[in-house]
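Working notes, structure below.
Because the structure is a prediction, the values reported are computed rather than measured. Chain identifiers are assigned alphabetically (A, B, ...) following the order of the sequence lines, protein sequences preceding nucleic acid strands; residue numbering begins at 1 within each chain.
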Number of protein chains: 2
Amino acid sequence: METRRIDPVNCSVARALSVVGERWSLLIVREALDGASRFGEFQARLGIARNLLAARLDTLVAAGVMRRVPYQEPGDRQRFAYELTPQGQALRPTLVALLEWGDTYLADPQGPSVIVRHRPRDDGSPCDEPVRVVLECGAGHGHLAPEDVCRTPGPGARFIDAS
Amino acid sequence: METRRIDPVNCSVARALSVVGERWSLLIVREALDGASRFGEFQARLGIARNLLAARLDTLVAAGVMRRVPYQEPGDRQRFAYELTPQGQALRPTLVALLEWGDTYLADPQGPSVIVRHRPRDDGSPCDEPVRVVLECGAGHGHLAPEDVCRTPGPGARFIDAS
DNA sequence: CTTTCTGAGTTTACTTTTTCAACTCAGGTG
DNA sequence: CACCTGAGTTGAAAAAGTAAACTCAGAAAG
């Protein structure tokens, strides 16, 4: 008997990890989301080796996650900073999910070191409540438990045969 | 002038990545969420080297993400399978977030290969709608955009000084 | 009772990444 | 012109990943 399974290699998770799954990549994105933009800022905050940081920034720029933008400090020559593109900012939910998981299972005994909050808007509600990541279905059933979801083949699915 | 920043190393994202950030770890968890449990299943689905798979499974078991459970096929000796603990299943939102990101920015031209759906319950609504990951604040403001959130120090925060 | 088969790993030799430290480079300052 | 600074680059050593051969425990076949 042969069953057909979705090919696990042709998968957006694998493709996503090929871009941001290398060591340091997600931490660089995290620092960028937290405001870092210059080579030295990333280097100092993360303690990453300089050559690797250069390589990772190049990879992220090539992948469209970050963008190189020129800047010039007064009394200094022009240099380049790195900032997230919209594609890079779209990694925020992934990082919040990872943060939540880490907080729940690996937290510092004193509690989480970072809390993500609903940013108070100048022109509206100063909400400031902690933010959570939730799975929500298209029909509006929010807060699905992890076991309430299942994977099904999409239009780009490839299949492999297994005995 | 000195500003104080949250220490980026004392962070649940960094701790989470130290457990599941190694190459293959999240893909192993993904396969486990999709039903893989035996050494050979992971190996065949992912094409990972056997020694690395053994090492990764050990790491994941040691971290509490997976559990080694004995099983015995009829007419065969006892062997061990690997299944996710609740802690491991809690990585589902992270993987769905990564999947969504990959689908949005790196998808196969034919479309996503996997769609995550609200599992039809036997005893209730056969919903089956696609599932999304959303950021939601504690006050019930759902569907926050990535830029609507900000990071603030939590109870376990350490600070570092920067000039 | 010896041989063979199978899934689950280990071992080993080889290649690639990561790390650390030292060096370069372009411009501005003293 | 010597020197400083941020932003990298280079190169050697250490760590991690890969592929393939090997081991191991028990069941089954002869």
Side-chain angles (χ1 to χ4, degrees), chain A residues 1 3 8-9 14 17-29 31-32 35-63 66-83 162-163, chain B residues 1 3 5 8-9 14 17-32 35-63 66-83 162-163:
Chain A
M1 188 189 88
T3 56
V9 173
L17 287 173
S18 75
V19 171
V20 295
E22 290 165 304
R23 217 184 299 256
W24 297 112
S25 296
L26 278 176
L27 291 174
I28 290 170
V29 171
E31 290 310 317
S37 71
R38 299 177 188 184
F39 189 92
E41 281 180 311
F42 291 109
Q43 210 275 316
R45 293 193 190 192
L46 296 171
I48 180 178
R50 288 153 177 282
N51 55 350
L52 242 203
L53 175 57
R56 286 291 175 277
L57 288 171
D58 283 353
T59 303
L60 291 171
V61 168
M66 301 190 90
R67 179 166 43 207
R68 242 170 144 238
V69 294
Y71 74 94
Q72 187 157 25
E73 289 283 297
D76 203 354
R77 70 178 158 138
Q78 177 180 320
R79 297 178 187 283
F80 288 94
Y82 298 86
E83 62 181 41
S163 58
Chain B
M1 187 188 93
T3 56
R5 282 207 331 277
V9 173
L17 287 173
S18 75
V19 170
V20 295
E22 290 166 303
R23 217 184 297 256
W24 296 111
S25 296
L26 278 176
L27 291 174
I28 291 171
V29 171
R30 171 173 66 100
E31 290 310 316
S37 70
R38 299 177 187 182
F39 188 92
E41 281 180 311
F42 290 108
Q43 210 274 318
R45 292 193 190 193
L46 296 172
I48 179 178
R50 288 155 177 283
N51 54 350
L52 244 202
L53 175 57
R56 286 291 175 277
L57 288 171
D58 284 353
T59 303
L60 291 171
V61 167
M66 301 191 89
R67 179 166 43 208
R68 239 169 146 242
V69 294
Y71 73 93
Q72 187 156 24
E73 290 282 298
D76 203 355
R77 70 180 158 134
Q78 176 179 313
R79 297 178 187 282
F80 289 93
Y82 298 84
E83 61 180 42
S163 58

- Classify the nucleic acid contact of A/Asn51 as base, sugar-phosphate or nothing, counting any heavy atom under 4.0 Å across all strands shown. base
Tell me: [atom1] of [X] to [atom2] of [N], nearest whole Å?
X: A/Arg79; N: D/dG6; atom1: CZ; atom2: P; answer: 7 Å
X: A/Glu41; N: D/dA7; atom1: CD; atom2: P; answer: 8 Å
X: B/Gln78; N: D/dA27; atom1: CD; atom2: P; answer: 11 Å
X: B/Asp76; N: D/dA28; atom1: CG; atom2: P; answer: 8 Å
X: B/Asp58; N: C/dT10; atom1: CG; atom2: C1'; answer: 12 Å
X: B/Ile28; N: C/dG9; atom1: CD1; atom2: P; answer: 12 Å
X: A/Phe80; N: D/dT5; atom1: CZ; atom2: P; answer: 22 Å

- Query: Hey, does the side chain of B/Arg56 reach the backbone of B/Arg23 with a donor-acceptor pair shorter than 3.5 angstrom?
  - Reply: yes
- Query: Just by modelled atom types, is the B/Ala55 backbone N or O under 3.5 Å from a matching donor or acceptor in the B/Thr59 side chain?
  - Reply: yes
- Applying salt bridge (Lys or Arg N to Asp or Glu O under 4.0 Å), which residue pairs with at least one partner in residues 72-83 of chain A are found, sequence neighbours left out?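 Counting only pairs at least two positions apart or across chains, the salt bridge (Lys or Arg N to Asp or Glu O under 4.0 Å) contacts touching residues 72-83 of chain A are A/Arg38-A/Glu73, A/Arg67-A/Glu83, A/Asp76-A/Arg79.
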- Message: Any residue in residues 42-50 of chain A with a heavy atom nearer than 4.0 angstrom to DNA chain C? Just list them by number, or reply none.
- Response: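 Under 4.0 Å from DNA chain C: A/Ala49.
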- Task: Using only side-chain N and O atoms of A/Tyr82, determine if any of them is under 4.0 Å from OP1 or OP2 of D/dG6.
- Result: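 Result: no.
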- Query: Listed by chain and number, what are the salt bridge (Lys or Arg N to Asp or Glu O under 4.0 Å) partners of B/Arg30, not counting sequence neighbours?
  - Reply: none
Do any N or O atoms of the protein come closer than 3.5 Å to N or O atoms of nucleotides 15-17 of chain D, and which pairs are they?
residue : atom : partner : partner atom : Å
D/dG17  : OP1  : B/Arg56 : NH2          : 2.6
D/dG17  : OP2  : B/Arg56 : NH2          : 2.8

Report the residues that fulfil side-chain contact (heavy atoms from CB on, under 4.5 Å) with [X], sequence neighbours left out, ordered by chain and then residue number.
X: B/Ser37; answer: B/Glu41, B/Ala81
X: B/Ala54; answer: B/Phe39
X: A/Val9; answer: A/Asp7
X: A/Ala49; answer: A/Asn51, A/Leu52

- Taking only residues two or more places apart in sequence or in another chain, which ones pass side-chain hydrogen bond (donor to acceptor under 3.5 Å, both in side chains) with B/Glu31?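 Here the qualifying residues are B/Arg45.
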- Between A/Tyr82 and A/Val61, what is the shortest heavy-atom contact and its length? CD2-CG2, 4.0 Å
- Message: Quick check: closest heavy atoms across A/Ala14 and A/Pro8, and the distance to 0.1 Å?
- Response: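 Minimum heavy-atom contact is CB-O, 4.4 Å.
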- Query: Looking only at N and O atoms, is any donor in the side chain of A/Arg77 or the base of C/dA26 less than 3.5 Å from an acceptor on the other one?
  - Reply: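 It does, because a donor-acceptor pair links the side chain of A/Arg77 to the base of C/dA26 below 3.5 Å.
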- Specify the residues of residues 66-73 of chain B, ordered by number, for which at least one heavy atom lies under 4.0 angstrom from an atom of DNA chain D.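 By residue number: none to list.
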